[in-house]
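Have a look at the structure below, then the notes.
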Amino acid sequence: MRRRGHVIPLRLNEREYRHLCEQVKISGFSREEYLRSLILGKEIHPCPCTHHAELVRKVSGLCNNANQLAHRANSTGMAGQQSVDEMTRVAKEVWREIKENY
């Protein structure tokens with residue numbers, strides 16, 4: 001049994017319907033979810049792009065490398081050049097991807 005028992009018919013002209021469909025597609029919600037969110041006054045953000053998860057993973061790796069480098073530098077008083085080079089490489093790769101895709 002459905003929790004939502006109230007159905008509200010809604011008539012739209014072609015322009016309104018196209019606009020609704022575009023907004024639903026951008027949000028990543030179903031039409032019902034999108035309209036309920038609007039009614040409840042929630043802020044609707046665009047669905048993250050397909051590159052988002054990969055970018056977050058790379059930034060996470062960069063932060064992990066920086067943390068390891070800082071930990072090593074704090075414990076030994078210096079960081080190895082290989083660690084610095086790897087962190088620099090990952091940072092450049094992340095920035096390149098940001099410039100290409102965003």
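A quick note: this is a predicted structure, and the numbers were derived from the prediction, not measured. The analysis underlying the following values was restricted to heavy atoms, covering all of them including side chains, and did not include hydrogens, waters or symmetry mates. Note that the numbering runs from 1 along the sequence shown for the chain.
Considering CZ of R31 and SG of C21, their distance stands at 5.5 Å, rounded to 0.5 Å. To the nearest 0.5 angstrom, E16 atom CD is 8.0 Å from L10 atom CG. The CZ atom of F29 sits 6.0 Å away from atom CD1 of I44, with the distance rounded to the nearest 0.5 Å. Once rounded to the nearest 0.5 Å, the distance linking CD of E32 with CZ of R4 reads 8.0 Å. Atom CG in L35 sits 11.0 Å away from atom CD in Q23 (nearest 0.5 Å).
Side-chain contact between N13 and Y17: absent, with no pair of heavy atoms (C-beta onward) separated by less than 4.5 Å.
The cluster map of Ile, Leu, Val, Met, Phe, Trp and Tyr, joined by side-chain heavy atoms under 4.5 Å apart, puts L38 and V24 in the same cluster.
Dense packing is recorded around CZ of R36, with more than 12 heavy atoms of other residues, nucleotides or ligands lying under 6.0 Å away.
Salt bridge E22/R18: absent, no basic N to carboxylate O contact under 4.0 Å.
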